Amino acid sequence: MAMRNAYVDQFPTEARVIKAAFWSSFVALAIGGTLGLVQALHRTDVFRFLQSPDYYTVLTAHGVLLAITFTIFFLVGTFTWAVTTSLERGVVDSRFTWGWYAMMVVGSVLVAVTIFSGFLEEAPEVLGAPLNADVLFTFYAPLQAHPFFYVGLVLFVVGSWLAGADWFWTWFAWRDENPDERIPLPAFMVLTTTLFWYICTLGVALSILVFLLPWSLGITESVNPLLTRTLFWYFGHAVVYFWLMPAYLLWYVMLPKFSGGKLFSDPLARVVFVLFLLLSTPLGIHHQYLDPGIAEGYKFIAMTNTMFLLLPSLLTAFTVVASIEHGARQRGGEGYLGWLKALPWRDPVFTGMALAGLMFAAAGFSGMINAGMNINYLVHNTWWVVGHFHLTVGTAVALTFMAASYWFIPQLTGKKLWNQSVALAQVLLWFVGMTFMSNAMHRSGLFGMPRRTAEPQYQGFEFEPAVGTVGEINMQVALGGVILTVSLALFLANMIMTSFNGTSHEIPDNTFAGTLSGPEDSPAVLDNLKLWTAIATTLVIIAYTLPLASIVDSGGLFGPGIDGFKLTIGADPRLALELLTEVMQ
Ligand code: HAS
Ligand code: CU
């Protein structure tokens with residue numbers, strides 16, 4: 001195979017947009033990550049420099065900046081890279097590409113400003129309402145945010161839709177030039193993911209534009225909280241796979257190469273992405289097993305679909321590990337497990353991604369437990385769930401992205417990574433920090449430690465005898481949080497220092513892993529995107545029509561008309577705390 005130059009030499013314009021998207025994601029990571037430490041120390045009562053009401057402002061900023069801004073900016077960068085590299089052509093019109101990027105930035109800034117003004121003693125009045133959004137990343141009604149929060153989210157999501165349109169546009173142009181070729185695997189992954197993103201974001205767009213935004217503007221009196229919650233989770237489960245898909249893409253098309261080998265099977269990878277397109281959306285109700293007002297039968301259907309959706313991840317575990325093993329054997333590895341030693345453990349890109357994968361295996365187990373309707377009653381709304389998603393999005397996804405950045409940033413800048421050893425230490429520290437933190441969260445959650453509260457030690461609450469001492473749990477979380485913060489700082493330092501490095505010509509070539517079984521072994525029907533989209537849409541209609549109809553029937557489209565009574569927790573957490581204190585006394 002001919003040696004190719006760094007990405008930036010092939011596609012200088014696209015490299016600039018991707019770099020901008022990555023830096024936007026790093027800024028979100030820096031701020032959101034720091035707030036994570038503030039929370040870990042506050043909740044565990046190790047060190048408090050906030051008033052408890054501000055905890056919810058911090059929690060909202062942490063959730064939104066990390067789960068939405070960091071992940072999705074990194075995704076749009078990765079996908080733009082994957083499409084252009086695999087199709088070997090640039091985007092059709094780079095002004096359009098800059099346009100959606102700018103739209104996403106404006107949306108993010110609007111959301112961030114609205115959230116952060118919650119720290120002010122007196123939030124400024126804009127459009128007749130205090131600029132504030134202590135609604136957490138799920139923005140459930142009856143918590144209400146300032147209209148700017150919803151408008152910012154809409155801009156961000158529409159920006160991502162246009163990004164998807166850009167990838168399709170590039171692919172259409174390529175298809176005209178290459179009518180008889182199979183869709184290259186990375187582009188196939190991007191397109192299938194974009195399709196389920198379009199399907200699932202319709203739910204959140206509907207929720208915001210028809211219900212939450214008019215309500216926060218005072219155009220409508222009230223909302224039906226269960227309806228907006230259900231629309232949120234219609235989107236909210238699929239979004240977790242949206243975060244995961246760029247990590248999977250990198251595990252499939254890059255990790256085998258970093259391991260020294262080839263992807264085990266291109267057809268299997270296509271099957272996996274088709275399954276995600278089909279099944280990511282019609283199961284959001286597994287986040288609502290404890291919601292009253294949804295019949296058990298619909299919850300059961302959601303559970304069944306969730307169990308089917310384990311399949312593509314189990315296939316991924318098999319395919320990716322088989323590819324890594326192939327790499328190890330190419331490097332001289334031998335024996336049943338002895339091959340593990342032959343892997344390039346000194347390479348931070350490989351090691352970061354492999355550790356992210358290992359953590360994801362554990363995360364998959366906690367996910368299966370969440371998904372069981374009956375066991376979910378034990379863990380729902382506890383710290384267990386927080387443990388689960390710090391392994392999934394907080395490690396499988398975030399650690400993969402950080403590890404990949406050590407490869408991407410040199411590709412995009414033509415500069416050598418500042419420090420390999422610091423990078424290696426960084427990915428190891430993330431793994432260790434997360435082991436402490438998420439282990440303690442899972443364990444305490446099992447015994448009822450609640451999530452999303454600044455004051456978990458409420459009166460009469462006894463979990464001490466069951467999980468060991470509160471002190472031990474708290475120390476593990478606080479220690480984990482500190483290690484993660486050190487790791488984050490090392491990551492950012494490496495990225496910044498790399499940008500100041502001189503230009504180097506030792507950048508590895510920008511090619512994907514080869515395959516042991518290639519696209520020629522894939523049935524052509526796998527590339528029939530129209531067919532899969534039609535089936536995916538049908539499944540969504542089957543899973544959601546009846547539950548939504550019954551929610552509207554019993555709770556009203558715009559709520560039951562609770563006149564004069566409006567919960568103001570969203571607008572004013574201090575008031576909520578006062579009310580709470582009154583109730584407790
Ligand atoms: Fe989840 C709650 C069920 C996956 C994120 N999840 C959450 C929340 C978040 C989240 C953020 O059914 C909280 C939302 C909130 O605020 O309320 N989740 C699942 C299931 C899966 C799952 C069944 N979740 C994810 C992923 C996420 C994510 C991925 C983000 C990226 N989750 C739930 C449920 C709830 C929930 C319930 C609601 C809980 C409640 O009560 O509130 C599955 O997709 C998991 C499948 C994964 C596997 C693992 C396969 C293993 C692999 C590793 C390969 C190894 C390698 C390494 C590559 C079966 C692929 C090799 C290395 C060598 C050295 C060889
Ligand atoms: Cu889910």
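Computed from a predicted model, the values in this text were never measured in an experiment. Heavy-atom basis, side chains included; hydrogens, waters and symmetry copies ignored. One-based numbering along the sequence shown. Remember, it's 1-based here, ligands and their atoms both numbered in the order they're listed.
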- Message: Using a strict cut-off of 2.8 Å, how many protein N/O/S atoms surround atom 1 (Fe) of ligand 1?
- Response: 1

- In this structure, are over 12 heavy atoms from other groups packed under 6.0 Å from Lys299 atom NZ? yes

- Message: Below 4.0 Å from ligand 1: does a non-hydrogen atom of Val385 turn up there or not?
- Response: yes

- Query: Quick one: does NZ or CZ of Arg43 land under 6.0 Å from the six-membered ring centre of Trp383, within 45 degrees of the ring axis?
  - Reply: yes

- Heavy atom of the protein closest to atom 63 (C) of ligand 1 (residue, atom name, distance): Ile324 CD1, 4.2 Å

- Query: Can you find a side-chain donor-acceptor pair between Gln420 and Tyr406 that sits under 3.5 Å?
  - Reply: no

- Query: Quick one: does Val379 get a heavy atom under 4.0 Å from ligand 1?
  - Reply: no

- Task: May I ask you to check whether Asp134 and Thr57 show a side-chain donor-acceptor distance below 3.5 Å?
- Result: yes

- Query: Looking at atom 64 (C) of ligand 1, what's its closest protein heavy atom, distance included?
  - Reply: Trp345 CH2, 3.7 Å

- Message: Please determine whether any non-hydrogen atom of Met245 lies less than 4.0 Å from an atom of ligand 1.
- Response: no

- Query: To the nearest 0.5 Å, how far apart are CG in Leu153 and OG1 in Thr114?
  - Reply: 9.0 Å

- Message: Quiz question: by atom type and distance under 3.5 Å, do the side chains of His286 and Thr306 form a donor-acceptor pair?
- Response: yes

- Note on the structure: If we number the atoms of ligand 1 from 1 as shown, the ones under 4.0 Å from a heavy atom of Val393 are 30 (C), 31 (C)

- Which of the atoms in ligand 1, numbered in the order shown and given with their element, are less than 4.0 Å from a heavy-atom of Tyr241? 21 (C), 43 (C), 44 (O)

- Can you tell me if Gln144 and Ser216 form a side-chain donor-acceptor pair at under 3.5 Å? no

- Query: What do we get for Arg451 next to ligand 1 when only non-hydrogen atoms under 4.0 Å count, side chain, backbone, both or neither?
  - Reply: side chain

- Message: Please report whether the ring centroid of Phe276 lies less than 6.0 Å from that of Phe196.
- Response: no

- Check each atom of ligand 1 against the heavy atoms of Ala354 and keep those under 4.0 Å away; list them by number with element. 57 (C), 62 (C)

- List every atom of ligand 1 that sits less than 4.0 Å from any heavy atom of Leu244, numbering the atoms from 1 in the order shown and giving each element. 29 (C)

- Item | Side-chain H-bond candidate by donor/acceptor type, Ser366 with Trp384, under 3.5 Å | no

- Close aromatic pair by centroid cut-off 6.0 Å: Phe22 and Phe74: yes

- Message: For atom 53 (C) of ligand 1, what's the nearest protein heavy-atom neighbour? Residue, atom name and distance, please.
- Response: Gly357 O, 3.3 Å

- Query: Near Ala317, which atoms of ligand 1 are under 4.0 Å from a heavy atom of that residue?
  - Reply: 51 (C), 52 (C), 54 (C), 60 (C)

- Message: Give me the nearest non-hydrogen protein atom to atom 2 (C) of ligand 1 as residue plus atom name, then the distance to 0.1 Å.
- Response: His287 CE1, 3.4 Å

- Task: Would you mind reporting whether Thr533 and Tyr198 have side-chain heavy atoms less than 4.5 Å apart?
- Result: no

Side-chain polar contacts of residues 329-338 - donor-acceptor pairs under 3.5 angstrom, sequence neighbours left out - could you list them?
from, atom 1, to, atom 2, distance (Å)
Arg329, NE, Glu325, OE2, 2.8
Arg329, NH1, Gly335, O, 3.4
Arg329, NH2, Glu325, OE2, 2.7
Arg329, NH2, Gly335, O, 3.0
Gln330, OE1, His326, NE2, 3.4
Arg331, NE, Ala342, O, 2.7

- Task: Classify the contact between Trp243 and ligand 1 as side chain, backbone, both or neither, using a heavy-atom distance cut-off of under 4.0 Å.
- Result: side chain

- Check ligand 1 against Leu314 and write out every atom of the ligand that is under 4.0 Å from a heavy-atom position of the residue. 59 (C)

- Message: Just to confirm my output: which protein heavy-atom neighbour is closest to atom 14 (C) of ligand 1, and how far is it?
- Response: Trp233 CH2, 3.5 Å

- Message: Whether the Trp215 and Tyr150 side chains hold a donor-acceptor pair (N or O, under 3.5 Å, no angle test) is what I'd like checked.
- Response: no

- Query: Can you find a non-hydrogen atom of Phe232 under 4.0 Å from ligand 1?
  - Reply: no

- Item | Sub-4.0 Å heavy-atom approach of Phe365 to ligand 1 | no

- Run the numbers for me: atoms of ligand 1, each under 4.0 Å from some heavy atom of Ala371, listed by number. 12 (O), 37 (C)

- Give a yes or no on whether the ring-centroid distance for Trp407 and Trp81 is below 6.0 angstrom. yes

- Item | OH/Tyr544: more than 12 non-hydrogen atoms of other groups inside 6.0 Å | yes

- Assess whether side chain to side chain donor-acceptor pair (under 3.5 Å) is satisfied between Trp532 and Thr192, documenting all intermediate values. CA-CA 9 Å; Trp532 304 123; Thr192 43; over 6 Å; no

- So Trp197 and Tyr241, side chain to side chain donor-acceptor pair (under 3.5 Å) or not? Walk me through it. CA-CA 9 Å; Trp197 181 242; Tyr241 291 123; over 6 Å; no

- Task: Say whether Arg452 and Thr138, considering side chains only, have a donor N or O and an acceptor N or O under 3.5 Å apart.
- Result: yes

- Item | Nearest protein heavy atom with distance in Å, relative to atom 58 (C) of ligand 1 | Val320 CG1, 3.5 Å

- By number and element, which atoms of ligand 1 are closer than 4.0 Å to a non-hydrogen atom of Phe137? 16 (O)

- Message: For atom 49 (C) of ligand 1, what's the nearest protein heavy-atom neighbour? Residue, atom name and distance, please.
- Response: Phe360 O, 3.6 Å

- Shell of protein N/O/S atoms around the Cu ion (ligand 2), taken as anything under 2.8 Å: His237 ND1, His286 NE2, His287 NE2

Please tabulate, one pair per line, all N/O donor-acceptor pairs under 3.5 Å involving side-chain atoms of residues 309-316, not counting sequence neighbours.
from, atom 1, to, atom 2, distance (Å)
Ser313, OG, Tyr248, OH, 2.7
Thr316, OG1, Tyr252, OH, 2.8
Thr316, OG1, Pro312, O, 2.7

- Would you say Val64 and Phe139 make side-chain contact, with heavy atoms under 4.5 Å? no

- Item | Over 12 foreign heavy atoms within 6.0 Å of CZ, Phe431 | yes

- Item | Proximity of Leu290 to ligand 1 by residue part, where a heavy atom lies under 4.0 Å | neither

- With heavy atoms only and a cut-off of under 4.0 Å, state how Asn376 meets ligand 1: side chain, backbone, both or neither. side chain

- Query: Using a heavy-atom cut-off of under 4.0 Å, does the side chain or the backbone of Trp384 touch ligand 1, or both, or neither?
  - Reply: neither

- Which residue supplies the protein heavy atom nearest to atom 50 (C) of ligand 1, what is that atom called, and how far is it? Ser313 O, 3.6 Å

- Task: For this output row, return yes or no: ring centroids of Phe73 and Phe156 closer than 6.0 angstrom.
- Result: yes

